[in-house]
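Structure first, commentary second.
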Amino acid sequence: MDLFSLQEENLDQSKQAVTSKVAPMPLAARMRPRTLDEVAGQQHLLSSGKLLRRAIETDRFSSLILYGPPGVGKTTLASVIAKTTDSFFVALNGVESNVSEVREQIARAKVRMQAQGRKTILFVDELHRFNKAQQDVLLPYLEEGTVRFIGATTENPFFAINSPLLSRSQVFPLETISPSELKTLLERALRDEKRGLGAWRTIVDEVALEHLATMADGDVRKALTALEVAVLSTPPGEDGVIHIDLSIAEDSIQKKALKYDRAGDGHYDTISAFIKSIRGSDPDAALYWLAVMLEAGEDVRFISRRLVISASEDVGLADSHALRVALDAAKAAEMVGMPEARIPLAHATVYLATAPKSNSAYAALAMAIHEVRNGISLAVPEHLRTPTRKKLAEKGGSSPAQLEYLYAHDYPEAYVPQAYLPEGRHYYTPTTNGLELRIAERMAHRRDLAMKAMESQRKRDQNGGR
């Protein structure tokens, strides 16, 4: 075949590729960011003036550990850092790689530096899968600066990574990509004719785009893959335009849209039903409303905050452990991210729903606040002020001994009757629910002691102080 015929054949193949629109790589790979400005989300690290961005742009970093849930761009950010700093990029995986492979890549990095003067970034994905020996292999080379190391992990590095490696690295937490940021990324992919889906004449309904962005659970790869499936699997209409509606979006990401408006009534109605189900001690209903919120893409932190509030407002002193459970669940959910975050949230939901209930502390504070707001201003009793003796001496008042503050720990049961509020006001009334029954019994006992003390004082007063 002559050169002219070969050129014509290549041209025909190129036309055929454009006509069939067969992409050589998945959309998620083609749309991988090339610059820091193209990285979706992570503005807490990459916006102008932030430490990580400054370190990358000035090429002043040694070892980094990127920590966050799957799909938030840890590998992508590492590759962008390599491009930005003009470094050779070597990617290993904590599951597949071993010590010999690590040493081989480090040896090649030495040769590369000597022959080309080019730095190497050694990227290890799923770093937490490396055992202690494998992590320790990296240490001397990080000290020497043979390679610049970037590790990525979905586990909390302060638990999963060895202390010596942590001490040589800066840890940066990556956050889940928000639905609005994912939507912006999807719109960019639809417009981009070179790397994205711009060569396809496509109309995507707003509600369909929002569904893909929400149901991706912050995973960029998942969102782009679903969009690509939707576009490539949908035949064009008579006008040659591919129309993606909500039903197609649901099929593409394999999740049905729920009637849940995150900014409107659905959001508030569902969280209201959730909390009221916990308050009503119905774990089944509470779990259902929790499932609705999770499947609708509700912010996990919002759910966690409501659980913490419910633990004190609705369970309260009937089971003070409930607050600890809710706080631990909130911390765990934040640490592991979705989809595993649903497990500690369910744990806390069932605990709170099945716990004994008391709003006594909440109600007592509400009563006190009501009085304060309505102008009831009570003076601090003289014996509770500090320093009482000096003030009385300066005023030439009554004997300090009569108004002396009594230190509770100097008395049996660390209790001595004395006034802490003027006029004997009461706000807190314990219930007999759960562990609060013990509080009620203890307070009743102390009231008996106070009554006996008052009776003794009355008798002394009648006898002239004897």
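Bear in mind that the values here come from a model prediction, so they are computed numbers and not experimental data. Atom set for the values below is all heavy atoms of this structure, side chains included, hydrogens, waters and symmetry mates excluded.
Environment of NZ in K276: sparse, with no more than 12 heavy atoms of neighbouring residues, nucleotides or ligands closer than 6.0 Å. Within a 6.0 Å radius of NE2 in H321, no more than 12 heavy atoms belonging to other residues, nucleotides or ligands are found. At most 12 heavy atoms of other shown residues, nucleotides or ligands fall within 6.0 angstrom of atom OH in Y288. Sparse packing is recorded around CD1 of I203, with 12 or fewer heavy atoms of other residues, nucleotides or ligands lying under 6.0 Å away. Counting heavy atoms of neighbouring residues, nucleotides and ligands inside a 6.0 Å radius, atom OH of Y362 does not exceed 12 of them. More than 12 heavy atoms of other shown residues, nucleotides or ligands fall within 6.0 angstrom of atom CZ in R324.
Within the cation-pi definition used here (under 6.0 Å to the ring centroid, within 45° of the axis), R148 qualifies as a partner of F61.
Closest of all the heavy-atom pairs between S252 and A226 is CB-O, 3.4 Å. Shortest non-hydrogen contact noted between N98 and Q134 is CA-NE2, 3.7 Å. Taking every heavy atom of both residues into account, T85 and D59 meet most closely at CG2-OD1, 3.5 Å. Nearest heavy atoms, L352 versus K357: O-NZ, 3.0 Å. Of all the heavy atoms in E313 and N359, the pair that sits closest is O-CB, 3.2 Å. The heavy-atom pair separating H243 from T234 by the smallest distance is O-CG2, 3.9 Å.
Within the 4.5 Å cutoff, side-chain heavy atoms of L190 are placed close to those of L227. Within the 4.5 Å cutoff, no side-chain heavy atoms of F172 are placed close to those of K50. Looking at L307 and F274, their side chains come closer than 4.5 Å, going by heavy atoms from C-beta outward. Side-chain contact between L345 and L294 is present, with heavy atoms from C-beta onward closer than 4.5 Å. Counting heavy atoms from C-beta outward, I369 and M367 have side chains that stay 4.5 Å or more apart. The side-chain heavy atoms of K222 and I253, taken from C-beta on, include a pair separated by under 4.5 Å. Using a 4.5 Å cut-off on side-chain heavy atoms (C-beta onward), Y427 and E371 make contact. Residues R191 and L197 fail the side-chain proximity criterion, which asks for heavy atoms closer than 4.5 Å.
In summary, of the residues considered (L139, I121, L127), a side chain to side chain contact (heavy atoms under 4.5 Å, CB included) with F149 occurs for L127 alone. For the pairing with V231, the side chain to side chain contact (heavy atoms under 4.5 Å, CB included) check across I248, T202, L27 returns one residue only, T202.
Side-chain atoms of S167 come within 3.5 Å of backbone N or O of P164 as a donor-acceptor pair. A donor-acceptor distance shorter than 3.5 angstrom exists from the side chain of R201 to the backbone of D239, with no hydrogens or angles considered. Remark: side-chain polar atoms of K74 are paired, donor with acceptor, to backbone N or O of G68 under 3.5 angstrom. In this structure, the side chain of R54 engages the main chain of G49 through a donor-acceptor pair within 3.5 Å. Side-chain atoms of H44 come within 3.5 Å of backbone atoms of P173 as a donor-acceptor pair (strictly under, hydrogens ignored). Between the side chain of D205 and the backbone N or O of A208 there is no donor-acceptor pair closer than 3.5 Å.
Note that CZ of F158 is 8.0 Å distant from CD1 of I65, once rounded to the nearest 0.5 Å. A distance of 10.0 Å separates OG1 in T176 from CD in E181, rounded to the nearest 0.5 Å. Here T431 contributes atom OG1 and L317 contributes atom CG; the two are 8.0 Å apart, rounded to the nearest 0.5 Å. Going from atom CD of Q105 over to atom CD of E101 covers 6.0 Å, rounded to the nearest 0.5 Å. Rounded to the nearest 0.5 Å, atoms CD (Q170) and CD1 (I150) are 11.5 Å apart. Annotation: the span from T429 atom OG1 to M443 atom CE amounts to 7.5 Å, rounded to 0.5 Å.
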Derivation and outcome, side-chain contact (heavy atoms from CB on, under 4.5 Å), residues L122 and L92 | CA-CA 8 Å; L122 177 64; L92 301 179; 3.7 Å; yes

#### Entry: Pair F130-V102, side-chain contact (heavy atoms from CB on, under 4.5 Å): steps then yes or no
CA-CA 11 Å; F130 267 10; V102 171; 3.9 Å; yes

R53 vs S47, side-chain contact (heavy atoms from CB on, under 4.5 Å): CA-CA, chis, key distance, verdict:
CA-CA 7 Å; R53 181 156 193 144; S47 60; over 6 Å; no

* To do: Take R442 and E413, measure what salt bridge (Lys or Arg N to Asp or Glu O under 4.0 Å) needs, and give me the verdict at the end.
  => CA-CA 11 Å; R442 191 158 53 244; E413 301 181 36; over 6 Å; no

- prompt: Passes side-chain contact (heavy atoms from CB on, under 4.5 Å), R188 versus L185? Steps please.
  reply: CA-CA 5 Å; R188 185 192 306 166; L185 190 61; 3.7 Å; yes

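Taking the charged nitrogens against the carboxylate oxygens, E38 and R195 do have a contact shorter than 4.0 Å, which makes a salt bridge. With respect to R446 and E441, no salt bridge is recorded, no charged nitrogen being found less than 4.0 Å from a carboxylate O. Under 4.0 Å is where a charged nitrogen must lie from a carboxylate oxygen, and between E334 and K331 no such pair does. A salt bridge links K132 with D136; the closest basic N to acidic carboxylate O contact falls under 4.0 Å.
Relative ring orientation between Y407 and Y405 is described as perpendicular, the plane-to-plane angle rising above 60° on a 0-90° scale split at 30° and 60°.
Between the side chains of T76 and R32, a donor-acceptor pair is found at a separation under 3.5 Å. No side-chain N or O of T184 forms a donor-acceptor pair with one of E187 less than 3.5 Å apart. D328 and H347 are not linked by any side-chain donor-acceptor pair at a separation below 3.5 angstrom, with hydrogens and angles left out of the test. Judged purely by distance below 3.5 Å, without hydrogens or angles, the side chains of S310 and D314 pair a donor atom with an acceptor atom. Inspection of the S360 and E436 side chains reveals an N or O donor paired with an N or O acceptor under 3.5 Å. For the residue pair T35 and D37, no side-chain donor N or O sits within less than 3.5 Å of a side-chain acceptor on the partner.
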